[in-house]
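Notes follow once the structure below has been shown.
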Amino acid sequence: MTDSRLTFDFSVLSAAERYKLVTGVVVPRPIAWVSTLNPDGSVNLAPYSFFGLMGSDPAVVAFSPGDRAAGVPKDTARNIGAGGEFVVNLVSYGAAQVMNLSATDFPPDHAEPEHLGIALSASSRVKVPRVSLSPASLECREFQTVTLGHTRIVLGEVLALSIAAEHMQDAEKHYVDTPSLDLIGRMGGRGGYATTRDAFEIPRLTYQQWLAERDDI
């Protein structure tokens with residue numbers, strides 16, 4: 001049988017070529033719609049799809065805001081600084097269009113929520129406000145920022161979760177009605193997106209259950 005797989009050596013590829021490959025296969029990627037405070041007190045808001053949940057004890061998220069140029073941070077990274085606060089607002093299908101507009105390269109003194117009419121609400125643990133139409137928001141404090149070449153990775157400890165009550169199955173037991181969030185993710189680069197509506201479940205087996213199922217075959 002002929003092996004039809006292709007192998008790409010990243011050490012000989014350009015950054016743009018690597019970007020096209022990794023964003024094409026690491027999908028779907030959740031979107032961190034990050035709000036921070038500008039030096040003048042206004043709110044900066046920008047989406048990032050290099051984002052993920054890294055742990056729960058403590059709860060840690062990571063996202064990569066990249067740089068405008070070599071060593072020049074984007075407004076989000078600049079605003080977070082050392083030990084700064086930020087809010088990760090999760091993006092529902094209904095917020096997709098305005099989220100995309102907030103990715104516009106506005107000048108540093110232009111606050112995206114103000115120019116795009118995005119309502120904000122006060123957070124509970126951080127000074128940075130959350131996006132009102134986001135179904136769930138993670139209030140965070142920077143734990144560490146790691147720089148690898150031209151990649152800047154912000155690690156944030158989650159201090160609080162704000163979630164609309166209708167998206168909880170059982171608040172006392174902390175069960176979230178995840179499908180009702182109707183979140184979206186990035187597919188590939190540029191303008192590709194996916195919904196999270198077509199979910200399915202596969203039960204996780206204990207070793208004893210696996211043995212029993214194997215013996216039944």
Side-chain angles (χ1 to χ4, degrees), residues 1-10 18-34 47-64 86-96 99 123-125 130-131 133-144 146 148 151 153-189 192-217:
M1 181 176 178
T2 303
D3 187 355
S4 60
R5 295 173 68 91
L6 300 175
T7 299
F8 296 90
D9 184 349
F10 277 29
R18 293 193 296 268
Y19 173 85
K20 287 189 287 186
L21 289 169
V22 296
T23 59
V25 299
V26 182
V27 293
R29 300 187 306 280
I31 302 168
W33 204 10
V34 181
Y48 299 95
S49 67
F50 285 175
F51 162 62
L53 178 66
M54 299 295 110
S56 60
D57 187 19
V60 175
V61 293
F63 77 98
S64 179
F86 61 98
V87 178
V88 173
N89 303 280
L90 284 306
V91 183
S92 65
Y93 180 78
M99 175 278 298
S123 296
S124 62
R125 290 289 308 277
R130 60 180 175 83
V131 174
L133 79 164
S134 173
S137 300
L138 304 171
E139 301 177 22
C140 306
R141 177 177 57 220
E142 184 212 25
F143 174 75
Q144 184 180 8
V146 179
L148 302 171
T151 297
I153 305 169
V154 177
L155 297 172
E157 180 181 358
V158 180
L159 304 179
L161 164 67
S162 171
I163 183 170
E166 64 263 29
H167 299 307
M168 293 299 300
Q169 288 183 344
D170 189 326
E172 291 187 1
K173 294 183 178 179
H174 306 100
Y175 290 153
V176 177
D177 182 8
T178 303
S180 74
L181 295 171
D182 199 18
L183 299 181
I184 62 171
R186 286 299 305 276
M187 293 290 291
Y193 292 91
T195 67
T196 53
R197 296 170 186 161
D198 297 326
F200 62 94
E201 293 189 15
I202 302 176
R204 183 173 297 182
L205 304 180
T206 64
Y207 178 62
Q208 294 302 322
Q209 289 172 326
W210 176 81
L211 286 175
E213 289 201 357
R214 184 196 64 175
D215 292 340
D216 290 340
I217 296 177

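Here the structure is a predicted model, which means the values were calculated and not measured. Sequential numbering from 1 along the given sequence is applied to the chain's residues.
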At their closest point, which heavy atom of [X] faces which heavy atom of [Y], and how far apart are they?
X: Ile31; Y: Arg186; answer: CG1-CG, 4.0 Å
X: Arg204; Y: Gln209; answer: O-OE1, 4.0 Å
X: Ser180; Y: Asp177; answer: OG-O, 2.7 Å
X: Ser123; Y: Arg130; answer: OG-N, 3.6 Å
X: Trp33; Y: Pro47; answer: CD1-N, 3.8 Å
X: Thr23; Y: Val27; answer: O-CG1, 3.3 Å

More than 12 heavy atoms of other residues, nucleotides or ligands under 6.0 Å from [atom1] of [X]: yes or no?
X: Tyr193; atom1: OH; value: yes
X: Tyr93; atom1: OH; value: no
X: Asp170; atom1: CG; value: yes

[X] vs [Y] side-chain heavy atoms within contact, under 4.5 Å:
X: Phe51; Y: Arg29; result: no
X: Phe63; Y: Val61; result: no
X: Thr196; Y: Pro28; result: no
X: Val22; Y: Phe10; result: yes

**Prompt:** Under 3.5 Å, is there a donor-acceptor pair between the side chain of Ser92 and the main chain of Leu181?
**Reply:**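 Side chain of Ser92 to backbone of Leu181: no pair is present.
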
Measure the spacing between [atom1] of [X] and [atom2] of [Y] and express it to the nearest 0.5 Å.
X: Ser134; Y: Leu183; atom1: OG; atom2: CG; result: 8.0 Å
X: Arg125; Y: Leu161; atom1: CZ; atom2: CG; result: 12.5 Å
X: Glu157; Y: Leu138; atom1: CD; atom2: CG; result: 12.0 Å

**Asked** Would Ser124 and Glu139 count as having a side-chain donor-acceptor pair, cut-off 3.5 Å?
**Response**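 A pair is found: one side chain offers a donor N or O, the other an acceptor, under 3.5 Å apart.
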
**Asked** Is NZ or CZ of Arg141 both nearer than 6.0 Å to the six-membered ring centre of Phe86 and within 45° of the ring axis?
**Response**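 Negative - Arg141 is either too far from the ring of Phe86 or too far off its axis.
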
**Prompt:** Checking side-chain contact (heavy atoms from CB on, under 4.5 Å) for the pair Met99/Ile184: CA distance, chi angles, key distance, verdict?
**Reply:** CA-CA 11 Å; Met99 175 278 298; Ile184 62 171; 4.0 Å; yes

